[in-house]
Amino acid sequence: MSGPADLIPRTPLLKVANLGAGYGGMPVLHDVSLEVYPAEMVALVGSNGAGKTTLLRALSRMLPCSGSIVLNGHELAGMTPDQAFGLGLVQVPEGRQLFDRMTVQDNLLMGSYRRQDQAAVNRDLDKIYTLFPRLTERRRQLAGSMSGGEQQMCAMARALMAAPVLMMVDEMSLGLAPVVVQQLMEVLAAIQRDGVTVLLVEQDVQLALSGSDRGYVMETGRIVHHGQARDLIDDPAVQQAYLGL
Ligand code: ATP
């Protein structure tokens, strides 16, 4: 049943409009538009080479683009990656990219390097160790010596230490056992419940849609389907192309 709150138009936290980008004059993204609302988990899915990583690079300003990217009321197109990061656009990169020869705790503190409020940083560190008990046990261990799943947890925790407005998670499941991926999905759900907005970029369409509120499906640089994640899972075209049904 709908109530008065449903009638209030919501403002997207991230609004991407007519985005185009490519490499060396070769276009890869074509007219990409999408929206992410506050405290949502949104899946961006598509097969190998669909353009997901290219879109993330454009959003985090590592790749020039045409069109518009508005985060929390700020136009990001034209900004540097550091400026976008300063506005709370934080990425958990594909392949984790940890500082392997630094401890888990030092990796986490690196995530907070721009923050001035040391008391808030300490509070977040405590909160994050509660969220990832495994990292508490391993806080003095070198990040490079941990398992793939633990490294992925560390990369997500480091991103949280930056106090993200929007956390973009790239190919979280890559190379990990299904049971570990399931644990990570549960942690992501807890992060979302805590009020962090998540854009989950995944090749594993089933996994990403099953844990998200809404989804966008990319093919050859274009958004070809979007909607409620449950509706996408039930969509025969999505089932046939991505879910092996
Ligand atoms: P994957 O999951 O395999 O990373 P993806 O959906 O993230 O796939 P992209 O990596 O964005 O896809 O690639 C989209 C297209 O852009 C592909 O055709 C790819 O070959 C091309 N591409 C990606 N990176 C570069 C690059 N640095 N230079 C030139 N072309 C690139």
Any chance you could lay out the side-chain contact (heavy atoms from CB on, under 4.5 Å) test for Leu108 and Leu125, step after step, and finish with the verdict? CA-CA 8 Å; Leu108 300 194; Leu125 194 59; 3.9 Å; yes
Gln105 versus Tyr129: any side-chain heavy-atom pair under 4.5 Å? yes
Counting distance only, does the side-chain N/O of Asp213 pair as donor-acceptor with the main-chain N or O of Met41 below 3.5 Å? yes
Do the side chains of Asn18 and Ser68 get nearer than 4.5 Å, heavy atoms only? no
If you group Ile, Leu, Val, Met, Phe, Trp and Tyr by side-chain heavy-atom gaps below 4.5 Å, do Val16 and Leu56 land in one group? yes
Between Gln152 and Ser173 (side chain of the first, backbone of the second, donor and acceptor by atom type, cut-off under 3.5 Å), is there such a pair? no
Find the distance between CZ (Arg57) and OH (Tyr23) and round it off to the nearest 0.5 Å. 3.5 Å
Rounded distance [0.5 Å steps], CG in Asp235 versus CZ in Arg230: 15.5 Å
Verify side-chain contact (heavy atoms from CB on, under 4.5 Å) between Met79 and Leu87, making sure each step is shown before the conclusion. CA-CA 10 Å; Met79 283 191 184; Leu87 289 171; 3.5 Å; yes
For Val28 against Gly51, the heavy-atom pair lying closest together: CG1-CA, 4.4 Å
State, with a plain yes or no, whether a side-chain heavy atom of Met168 is found less than 4.5 Å away from one of Val201. no
Count the heavy atoms belonging to other residues, nucleotides or ligands that lie under 6.0 Å from CZ of Arg114, then report whether that count exceeds 12. yes
Please answer whether the main-chain N or O of Gln141 pairs with a side-chain N or O of Arg139 as donor and acceptor at a distance below 3.5 Å. no
Co-membership, hydrophobic cluster, residues Met161 and Val165, 4.5 Å side-chain: no
Hey, could you give me the OG1/CE distance between Thr103 and Met146, rounded to the nearest 0.5 Å? 9.5 Å
Name the one of Val187, Val92, Leu188 that satisfies side chain to side chain contact (heavy atoms under 4.5 Å, CB included) with Met172? Leu188
Return the set of residues passing salt bridge (Lys or Arg N to Asp or Glu O under 4.0 Å) with Asp124 (not counting sequence neighbours), or none when no residue passes. Arg115
For Ser47, is there any backbone N or O sitting under 3.5 Å from a side-chain donor or acceptor partner on Lys52? yes
Looking only at heavy atoms, which two atoms of Val196 and Met167 are closest? And how far apart? CG1-CB, 4.1 Å
Single-linkage hydrophobic cluster Val45~Leu243, side-chain heavy atoms < 4.5 angstrom: yes
Distance, nearest 0.5 Å, that separates CG of Leu232 from CG of Leu209: 5.5 Å
CG-CG distance between Asp106 and Leu98, expressed to the nearest 0.5 angstrom: 12.5 Å
Give a yes or no on whether the backbone of Ile233 and the side-chain of Gln239 come within a donor-acceptor separation of less than 3.5 Å. yes
Show your working on side-chain contact (heavy atoms from CB on, under 4.5 Å) between Arg61 and Gln83 and close with a plain yes or no. CA-CA 9 Å; Arg61 305 309 311 122; Gln83 287 169 325; over 6 Å; no
Between atom CG of Asp170 and atom CD of Gln97, what is the distance when rounded to the nearest 0.5 Å? 9.5 Å
Please tell me if the side chains of Asp204 and Val181 come closer than 4.5 Å, counting only heavy atoms from C-beta onward. no
Do Leu55 and Leu59 touch side chain to side chain, with heavy atoms closer than 4.5 Å? yes
Using side chain to side chain contact (heavy atoms under 4.5 Å, CB included) as the criterion, point out the one residue from Arg10, Lys15, Glu40 that pairs with Glu35. Lys15
For the pair Arg96 (side chain) and Pro93 (backbone), establish whether a donor and an acceptor sit closer than 3.5 Å, ignoring hydrogens and angles. no
Heavy-atom closest pair (Val90 atom, Ala162 atom, distance to 0.1 Å) is CG2-CB, 3.9 Å
Which pair of non-hydrogen atoms, one from Ala143 and one from Gln151, has the smallest distance, and what is that distance? O-NE2, 3.4 Å
Leu135 and Met102: same hydrophobic cluster, using ILVMFWY side-chain contacts below 4.5 Å? no
Among residues two or more places apart or on two chains, list those pairs meeting ring-ring contact (aromatic ring centres under 6.0 Å, His included) that have a residue in residues 193-237. Tyr216-His226
Val104 vs Glu150 side-chain heavy atoms within contact, under 4.5 Å: no
Expected output: side-chain Gln192 to main-chain Ala39 donor-acceptor under 3.5 Å: yes
Compare every heavy atom of Gly67 with every heavy atom of Ala77, then report the nearest pair and how far apart it is. CB-O, 3.8 Å
Is Leu19 reachable from Val70 through a run of I, L, V, M, F, W or Y residues, each pair having side-chain heavy atoms under 4.5 Å apart? no
Could you tell me whether a side-chain N or O of Glu75 sits under 3.5 Å from a main-chain N or O of Ile69, the two making a donor and an acceptor? yes
Heavy-atom closest pair, residues Cys154 and Asn107: SG-CB, 4.0 Å
Candidate list Val42, Leu199, Thr197, test side chain to side chain contact (heavy atoms under 4.5 Å, CB included), partner Leu13, passing option: Thr197
Contact check, side chains of Ile223 and Leu44, non-hydrogen atoms, under 4.5 Å: yes
Is there side-chain contact between Val169 and Val198, with heavy atoms separated by less than 4.5 Å? yes
Main-chain N/O of Leu109 paired to Ser112 side chain as donor or acceptor, under 3.5 Å: yes
List the steps and the verdict of side-chain contact (heavy atoms from CB on, under 4.5 Å) for Thr54 and Leu63. CA-CA 8 Å; Thr54 303; Leu63 198 62; 3.6 Å; yes
